[in-house]
Every structure is written in C-alpha cells, then in structure tokens.
There are 2 protein chains.
Amino acid sequence: MAINRDGADYLYVQLADDIRRRCRSREWAPDHRIPPITELMAEYQLSDRTVRQAIGLLVDEGLLVTKPGRGTYVCP
Amino acid sequence: MAINRDGADYLYVQLADDIRRRCRSREWAPDHRIPPITELMAEYQLSDRTVRQAIGLLVDEGLLVTKPGRGTYVCP
DNA sequence: CACCATTTGTTCGTATGTATG
DNA sequence: GCATACATACGAACAAATGGT
C-alpha cells in the first residue's frame with residue numbers, strides 16, 4: 001500500500017488504516033509481532049514520529065500492545 | 001512549580017501532574033481556557049512537544065478538551 | 001467578502017534514555 | 001557488555017481551524 005501525500009488524509013491516519021487492514025487480513029495474526037518501527041519507517045517511507053503516532057492510535061483502540069525492548073504485538 | 005530535570009520523573013508526567021493540580025485548585029476553573037501551548041512552553045521552559053504530550057494525556061483522561069483554533073479548555 | 005492574528009495539528013530531523021534478552 | 005526495540009525530549013516548519021476586523 002502506498003501513502004498518499006497529496007493531503008487526502010493525515011499520514012498517520014492512512015498508516016493506521018493500513019495496519020488495521022493487515023491485521024484483519026491475518027497477514028499480521030493475533031499474538032504475533034508486527035515489524036519494528038525502523039522497518040515500518042523504511043517500508044512506508046515515513047518518519048519514526050509518524051509511525052509511532054499511528055501505532056499509538058491503534059494501542060488506544062486496543063488493537064496493538066507495545067512491549068518496550070520486545071516489540072509491538074497484535075492483541076488476540 | 002518547577003520541573004525537575006534530574007530524572008526524577010518524565011517531564012511530561014510532571015507537567016501533567018501540575019496541570020491537574022492547578023485544575024483541582026480551581027486556579028483553572030471548569031469551562032475556562034488554560035494558557036496556550038506557547039505560554040506553557042515559556043512558563044515551564046519545555047518544548048512544545050513535551051507540553052502537547054502532557055495535554056494529550058489529560059485529554060485522554062477527560063480532564064481537558066482541545067478546540068483547534070480556539071484553545072484548550074477544562075472539562076466541567 | 002477577503003484578510004489577519006491566534007491557537008492547535010501534523011510532519012520531518014536528531015540525540016539520548018530505558019527495557020529486554 | 002552488547003544488540004535490539006521502544007520511549008522521551010530537544011528543534012523547526014508548515015497546515016488547518018476559528019473568530020474578529
């Protein structure tokens with residue numbers, strides 16, 4: 001998926017939408033670790049701040065949990 | 001109140017604590033606007049990012065609401 | 001109506017700290 | 001101690017919303 005930078009929507013919202021999609025599609029299954037922030041930065045060509053903001057949104061929603069030093073996981 | 005930078009606690013947590021205190025003490029009463037981010041930055045000598053993080057915490061708690069273009073208000 | 005000042009929102013960059021294994 | 005990975009904190013610029021002139 002490509003991020004649309006033409007003001008269609010905020011980048012972190014677009015990224016959160018795509019992560020939701022990949023979780024629902026079971027590409028990233030429950031209880032498994034999603035790629036680290038550094039990899040998401042490279043894949044989507046976004047800064048760490050934007051990636052963190054998207055993840056923070058999904059953590060608030062209860063879709064993800066972050067474990068310092070371990071990674072970010074999909075909630076069961 | 002002074003922010004303790006000697007690692008006692010995260011700066012944004014200390015700031016959130018102090019804002020809570022000022023709301024509870026009615027220095028900043030319900031339904032009234034608190035100082036804008038720029039003023040809080042100057043008063044506490046913190047970056048805008050740190051101030052926003054503290055405010056975001058309190059918005060999540062339901063203590064504050066932010067209205068773009070208007071300011072940040074204390075919830076009744 | 002257009003314009004401006006104020007205020008919050010988003011985004012990128014960089015450096016250092018903390019937690020886990 | 002070291003490597004990995006998330007967390008905090010500084011700086012900077014531009015965009016968007018609101019209300020008044």
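Each chain gets a letter, A, B and so on, in the order its sequence line appears, and its residues count up from 1.
Taking CD1 of Ile55(B) as the start and OG1 of Thr72(B) as the end, the distance is 4.5 Å to the nearest 0.5 Å. Taken to the nearest 0.5 Å, the CG atom of Asp9(B) stands 12.0 Å off from the CG atom of Leu15(B).
With rounding to whole Å, Leu64(B) atom CG is found 13 Å from dT8(C) atom C1'. Taking atom CG of Leu40(B) as the reference point, atom C1' of dA9(D) lies 17 Å away to the nearest angstrom. A straight line from CG of Asp48(A) to C1' of dA7(D) spans 10 Å, rounded to a whole angstrom. We find that CE of Met41(B) is positioned 13 Å from C1' of dT7(C), with the value rounded to whole Å. Note: CD1 (Ile3(B)) to C1' (dC10(D)) measures 15 Å, nearest angstrom. The distance between atom OH of Tyr10(A) and atom P of dA16(D), rounded to the nearest whole Å, is 7 Å. If you take CD of Gln53(B) and P of dA7(D), they are 10 Å apart, rounded to a whole angstrom. The nearest whole Å value for the distance from the CG atom in Leu57(A) to the C1' atom in dG9(C) is 14 Å.
Nearest heavy-atom pair, Asp31(A) versus Tyr73(A), reported as atom, atom and distance to 0.1 Å: O-CD2, 3.9 Å. Pairing each heavy atom of Pro30(A) with each of Cys75(A), the nearest pair is CB-O, 3.8 Å. The two residues Cys23(B) and Val74(B) make their nearest non-hydrogen contact at SG-CG2, 3.9 Å.
Arg49(B) has no side-chain polar atom (N or O) that falls below the 4.0 Å cut-off from OP1 or OP2 of dA15(C). For the pair Tyr12(B) and dT8(D), the criterion of a side-chain N or O lying under 4.0 Å from OP1 or OP2 is met.
Applying the salt bridge (Lys or Arg N to Asp or Glu O under 4.0 Å) test to residues at least two apart or on different chains, the pairs with a partner in residues 35-53 of chain B are Arg22(B)-Glu43(B), Asp48(B)-Arg52(B).
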Under 3.5 Å, N/O pairs linking protein and nucleotides 1-6 of chain D:
{"residue": "dC6(D)", "atom": "OP2", "partner": "Ile37(A)", "partner atom": "N", "Å": "3.0"}

